[in-house]
Asks: 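Take a look at the following structure, please.
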Amino acid sequence: VNDQKNYHFQIYEADVRTIMERVARRVDDIGFVYVPEEQKRIFCEELEGNKLAFIELRREPMQLYPGKKNALAKQDGGTVTLEELKGQRLVQNYHEILEGAPIWDGLEISVLTNSDYITNRMLEETDLLNISGGYLHPKEACRYEMCVDGTAGSFLFGCIVYKGTELGRGIKELMS
C-alpha cells in the first residue's frame with residue numbers, strides 16, 4: 001500500500017463574496033471563509049440562493065484590538081459593545097465584511113485591506129481599532145471581548161461547498 005498522498009491544492013485568497021461566486025461557478029471545489037456570527041443569516045440566505053452550503057468547522061471569540069495610540073490600548077481590556085465604538089475608526093480585513101450585515105452599521109471602517117501585515121502595522125502605529133479573532137494578532141496584544149446585542153460575539157470558520165457535493169478524501173483530510 002502506498003501511504004504517499006498525491007493531492008494538489010491551489011490556494012486563492014479573496015473576500016467572502018468572491019469565494020462564494022467561485023464555488024458557485026465551480027471554479028473551486030471548496031472555499032474556506034470566516035464571518036461574524038451575526039452575519040450568518042444573511043450569509044446563509046446568499047448561499048442558498050446560489051445552491052451552496054456552509055459547513056461550520058469552529059468558532060473563534062470576536063475581540064477588539066486597539067491601536068497602540070488609542071486610549072483603549074492603555075487599559076487592561078475588558079468588554080466593549082458595538083455601540084461604544086461609534087465615532088472610533090477601524091482597520092478591517094475585507095474577508096470579515098459582508099455587505100448589508102447589520103454588525104457593521106454605524107461603524108467607521110477607515111481602512112479596508114486584504115493584508116494581515118497592513119492591519120497589524122496600522123495597529124502598531126495608529127489609533128485605529130480592529131475587530132477580529134485571535135487568529136490575526138499576537139497573543140500579547142491588548143484585547144477586549146466584543147459584545148454584540150448584549151452577548152459575546154464570535155467568528156464562524158468553515159467552508160462553502162456546492163450543495164449536494166460529496167467531499168473527496170483529500171478535502172476531508174484537509175478539513176480535519
Side-chain angles (χ1 to χ4, degrees), residues 13-20 23 30-48 52-161 175-176:
E13 184 176 351
D15 60 281
V16 174
R17 189 158 322 285
T18 301
I19 292 170
M20 287 188 328
V23 175
I30 189 170
F32 291 94
V33 298
Y34 56 97
V35 295
E37 185 174 19
E38 290 70 25
Q39 293 181 179
K40 185 176 183 179
R41 184 187 55 76
I42 292 170
F43 175 63
C44 287
E45 285 173 4
E46 287 193 40
L47 291 177
E48 184 70 30
L52 301 173
F54 178 67
I55 301 169
E56 184 179 324
L57 300 174
R58 74 171 216 231
R59 291 171 187 251
E60 178 86 20
M62 183 180 287
Q63 298 176 343
L64 175 78
Y65 294 88
K68 288 196 173 179
K69 293 183 179 178
N70 191 293
L72 291 172
K74 295 164 184 58
Q75 299 173 20
D76 290 334
T79 302
V80 67
T81 66
L82 289 174
E83 190 61 35
E84 293 172 303
L85 298 182
K86 303 263 167 120
Q88 296 266 6
R89 299 172 335 147
L90 286 89
V91 53
Q92 287 300 130
N93 192 305
Y94 72 77
H95 298 118
E96 300 154 346
I97 307 296
L98 186 63
E99 290 176 34
I103 185 175
W104 305 110
D105 287 348
L107 296 181
E108 183 180 338
I109 300 174
S110 297
V111 178
L112 191 59
T113 180
N114 67 345
S115 168
D116 295 346
Y117 172 78
I118 294 293
T119 300
N120 281 318
R121 283 297 300 247
M122 304 256 349
L123 293 175
E124 283 289 320
E125 299 175 11
T126 71
D127 67 344
L128 296 174
L129 303 167
N130 174 258
I131 298 172
S132 59
Y135 52 84
L136 180 62
H137 304 286
K139 298 281 186 234
E140 66 275 2
C142 177
R143 67 184 83 197
Y144 290 78
E145 180 179 280
M146 280 296 312
C147 284
V148 181
D149 296 330
T151 60
S154 299
F155 279 100
L156 306 178
F157 287 79
C159 59
I160 298 171
V161 296
M175 290 170 45
S176 60

Asks: Give me the atom names and distance for the closest heavy-atom approach of Asn93 to Leu112.
Replies: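 Result for this residue pair: C-CD1, 4.2 Å.
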Asks: Could you name each residue pair satisfying ring-ring contact (aromatic ring centres under 6.0 Å, His included) that touches residues 54-81, not counting sequence neighbours?
Replies: Phe43-Phe54, Tyr65-His137
Asks: Is there side-chain contact between Val23 and Ile30, with at least one heavy-atom pair below 4.5 Å?
Replies: no
Asks: Please identify each residue that fulfils salt bridge (Lys or Arg N to Asp or Glu O under 4.0 Å) with Lys40, with sequence neighbours left out.
Replies: Glu56
Asks: side-chain contact (heavy atoms from CB on, under 4.5 Å) with Glu145: which residues, sequence neighbours excluded?
Replies: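 Glu145 satisfies side-chain contact (heavy atoms from CB on, under 4.5 Å) with Thr79, Cys147, Ala152 only.
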Asks: Any side-chain heavy atom of Ile131 sitting closer than 4.5 Å to one from Leu85?
Replies: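 Touching, per the 4.5 Å side-chain cut-off.
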Asks: So do Phe157 and Glu60 actually touch side chain to side chain, heavy atoms under 4.5 Å?
Replies: yes
Asks: Mind checking side-chain hydrogen bond (donor to acceptor under 3.5 Å, both in side chains) for Arg121 and listing every partner two or more places apart, or none if nothing turns up?
Replies: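 Listed in chain order: Tyr117, Glu125.
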Asks: Please report the closest heavy-atom contact between Ser154 and Arg59, naming both atoms and the distance.
Replies: CB-CB, 4.5 Å
Asks: Does a side-chain heavy-atom distance below 4.5 Å link Leu64 with Asn130?
Replies: no
Asks: Can you find a pair of side-chain heavy atoms, one from Leu52 and one from Val161, that are under 4.5 Å apart?
Replies: no
Asks: Is any side-chain heavy atom of Val91 closer than 4.5 Å to one of Leu123?
Replies: yes
Asks: Which heavy atom of Met62 sits nearest to which heavy atom of Pro36, and what is that distance?
Replies: CE-CB, 3.6 Å
Asks: Could you tell me which residues satisfy side-chain contact (heavy atoms from CB on, under 4.5 Å) with Glu45, sequence neighbours excluded, listed by chain and number?
Replies: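 For Glu45, the residues satisfying side-chain contact (heavy atoms from CB on, under 4.5 Å) (neighbours in sequence not counted) are Arg41.
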Asks: Working to the nearest 0.5 angstrom, can you tell me the gap between Leu129 CG and Gln88 CD?
Replies: 4.5 Å
Asks: For a side-chain contact (heavy atoms from CB on, under 4.5 Å) with Phe32, tell me which candidate from Ile55, Ile160, Leu57 qualifies.
Replies: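 Checked Ile55, Ile160, Leu57 against Phe32; only one passes side-chain contact (heavy atoms from CB on, under 4.5 Å): Leu57.
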Asks: Could you list the residues that satisfy side-chain contact (heavy atoms from CB on, under 4.5 Å) with Ile118, not counting sequence neighbours?
Replies: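 Residues passing side-chain contact (heavy atoms from CB on, under 4.5 Å) with Ile118: Thr113, Ser115, Met122.
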Asks: With sequence neighbours excluded, tell me which residues meet side-chain contact (heavy atoms from CB on, under 4.5 Å) with Glu124.
Replies: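 Partners of Glu124 by the side-chain contact (heavy atoms from CB on, under 4.5 Å) criterion, ordered by chain and then number, come out as Lys68.
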Asks: Decide yes or no for Pro61 and Phe155: does some side-chain heavy atom of the first lie under 4.5 Å from some side-chain heavy atom of the second?
Replies: no
Asks: Mind checking what makes salt bridge (Lys or Arg N to Asp or Glu O under 4.0 Å) contact with Lys86, not counting sequence neighbours?
Replies: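 Lys86: salt bridge (Lys or Arg N to Asp or Glu O under 4.0 Å) contacts with Glu83.
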